[in-house]
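In this chain, residues are counted from 1 in sequence order.
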Amino acid sequence: MKWDIGIDLGTQSVRVAELKNGPTMSAPAALAFREGNRVPICAGEIAERLVGRTCQGVEVVYPLRDGVLENNLYAASLFQWLFKRSEAVGGRRRFGAMITCAPFARPVQREAMLTAAIDAGAAEAVLVRSDAAAAVGAGLDLNGPEAKLLVDVGAGKITCTLFTFGRVAAFGYLPYGVNRIDDRVRRILRSDYGYRVGKAAAEEIVHTLGSALPDKAPRDIIMHATGIAMKERMPVTFDVETKPVLDACEDVVAELCRLVGTVVDNAPEELSADLNDAGAVLTGGGAAMTELDRRLGQALGIPCRVADAPETCAIRGLWRIMENPAAYAAMLQDRQSRQVW
């Protein structure tokens, strides 16, 4: 089967690659539904703009939650929207879709993901480990004998995988991603300071003031943010200091360091020795956190680096797998075809 389109579906964003054209589209994985209607009003960037601004009877949803499928009907609607916008699919009646999937997804969730792609119009669909796609996109040779350690820091999930000879030698994950930092910042500002901020504002605060090395982070930076004062119930502009943001980051970063350390400790001795030279590679949108690679390097005692354009590693790797799926057969998970009567 020739795979015409590849989809990297994440918790917050979705990216598309075409076999002939490579990566072609990146958009938020958001859908807006009107109450009682199963056809979305809009999707992508337009739907994301409605977050926090919806009127009565309208809801903005995401198919994935914490890296795994939450609603297959939402996924089918999103796939259908992507297929219509893809030049590789166009008006074709038969095409194959390759989709990334979290390595820790349960069988029922993987089957629901495949069913959603088939219901959206694909003749055949196959799932690929998201960490394998990210590793290939980061330039790692998974089929070589040397150990390759990949840390995928996403919005909804965090995985750590040790590859060798095209297979997984050790694996670990956290069932949440850097979105938890945003949620904790919002909770701290609400409970300790009396301000309510939106999701987009929390992301901007974490991106500006967050750091994986709180001891090295500057403490005299103040950021202006806009929110609602709970006491006056009025919109205000207030100052945000670095301390609450660093405290929110530290909890997730400490868990990430423990996760990677556990995976390395459980790996075979010879593979662990390879990491002294190869080190670890960070991918995913969360890999861009300030000083995260240095923090991991200090915790593990091995070199760590952030891949080029870490947020797009998975879709670039998925495109390479689409071009030569036989070379990465061990990384393919489940497959489903449309039944023809």
Side-chain angles (χ1 to χ4, degrees), residues 10-14 26-32 42 44-56 58-62 64-67 153-158 174 176-256 282 284-295 306 309-311:
T11 303
Q12 280 192 329
S13 61
V14 59
S26 176
L31 295 163
C42 55
E45 296 179 357
I46 299 178
E48 189 184 44
R49 294 174 187 173
L50 296 178
V51 175
R53 298 182 174 91
T54 56
C55 57
Q56 186 176 3
V58 177
E59 181 184 14
V60 178
V61 297
Y62 292 82
L64 267 62
R65 182 176 182 180
D66 294 335
V153 187
K157 68 181 187 308
I158 297 175
L174 296 176
Y176 56 84
V178 293
N179 275 355
R180 177 158 295 191
I181 299 178
D182 303 337
D183 296 338
R184 289 181 176 178
V185 167
R186 296 177 64 184
R187 185 168 60 250
I188 291 174
L189 293 178
R190 183 175 62 251
S191 60
D192 297 351
Y193 298 90
Y195 297 107
R196 289 194 295 114
V197 297
K199 181 179 178 181
E203 292 179 1
E204 185 179 357
I205 291 172
V206 173
H207 178 75
T208 304
L209 302 179
S211 175
L213 284 175
D215 297 337
K216 300 287 184 67
R219 299 280 178 165
D220 54 349
I221 297 179
I222 295 178
M223 177 181 173
H224 300 294
T226 302
I228 295 180
M230 299 178 61
K231 185 177 180 180
E232 292 83 5
R233 297 182 179 179
M234 294 289 292
V236 295
T237 299
F238 60 96
D239 295 335
V240 181
E241 300 178 351
T242 57
K243 184 180 183 305
V245 182
L246 295 177
D247 292 342
C249 293
E250 179 60 23
D251 296 336
V252 176
V253 172
E255 286 293 332
L256 172 59
L282 278 68
M289 180 185 294
T290 306
E291 303 289 0
L292 182 59
D293 53 342
R294 184 177 299 180
R295 174 70 177 272
V306 179
E311 66 278 358

**Request:** Over all heavy atoms of both residues, which pair between Val153 and Val178 is shortest? Give the atoms and the distance, please.
**Result:** CG1-CG1, 3.7 Å
**Message:** Run the ring pair (Phe, Tyr, Trp, His ring centres under 6.0 Å) test against Tyr176 and tell me which residues pass, sequence neighbours left out.
**Reply:** none
**Asked** At their closest point, which heavy atom of Pro214 faces which heavy atom of Arg295, and how far apart are they?
**Response** CD-NH1, 4.1 Å
**Prompt:** What side chain to side chain donor-acceptor pair (under 3.5 Å) pairs are there with at least one residue in residues 236-248, not counting sequence neighbours?
**Reply:** His224-Asp239, Lys243-Asp247
**Asked** Is Val253 close to Met289 at the side-chain level, that is, under 4.5 Å between some pair of heavy atoms?
**Response** yes
**Request:** Can you sort out the partners of Ala288 under side chain to side chain contact (heavy atoms under 4.5 Å, CB included), two or more places apart, ordered by chain and number?
**Result:** none
**Any pair counted as salt bridge (charged side-chain N to carboxylate O under 4.0 Å, His left out), so long as it reaches residues 181-193, sequence neighbours left out** = Arg184-Asp251
**Prompt:** Quick one: SG on Cys249 to CD on Glu291, what's the gap to the nearest 0.5 Å?
**Reply:** 12.5 Å
**Fill in**
Output for pair (Tyr195 OH, Ile188 CD1), nearest 0.5 Å, gives 15.5 Å
**Asked** Is there side-chain contact between Thr11 and Lys157, with heavy atoms separated by less than 4.5 Å?
**Response** no
**Prompt:** Got a sec, which residues hit salt bridge (charged side-chain N to carboxylate O under 4.0 Å, His left out) with Glu59, two or more places apart in sequence or on another chain?
**Reply:** none
**Asked** Looking at Leu292 and Ala287, what are the two nearest heavy atoms and their distance?
**Response** CD2-CA, 4.1 Å
**Prompt:** Nearest 0.5 Å, what's the CG-CG distance between Leu50 and Leu31?
**Reply:** 11.5 Å
**Request:** Assess whether atom CD of Glu255 is packed by more than 12 heavy atoms of other residues, nucleotides or ligands within 6.0 Å.
**Result:** yes
**Message:** To the nearest 0.5 Å, what is the distance between CE on Met230 and CD1 on Ile228?
**Reply:** 10.0 Å
**Request:** State, yes or no, whether a side-chain contact exists between Pro28 and Val51 at a heavy-atom distance under 4.5 Å.
**Result:** no
**Request:** Calculate, to the nearest 0.5 Å, the distance between atoms CD and OG belonging to Glu45 and Ser26 respectively.
**Result:** 8.5 Å
**Request:** Measure across Ala29 and Tyr62 and return the closest heavy-atom pair with its distance rounded to 0.1 Å.
**Result:** O-CD2, 3.0 Å
**Asked** With side chains defined as the heavy atoms from C-beta onward, is the minimum distance between Val240 and Val185 less than 4.5 Å?
**Response** no
**Asked** Between Leu209 and Leu246, what is the shortest heavy-atom contact and its length?
**Response** O-CD2, 3.8 Å
**Request:** May I have all residue pairs that pass side chain to side chain donor-acceptor pair (under 3.5 Å) and include part of residues 198-215, sequence neighbours excluded?
**Result:** Gln12-Glu203
**Prompt:** What are the two closest heavy atoms between Gly44 and Ala27, and how far apart are they?
**Reply:** CA-CB, 4.4 Å
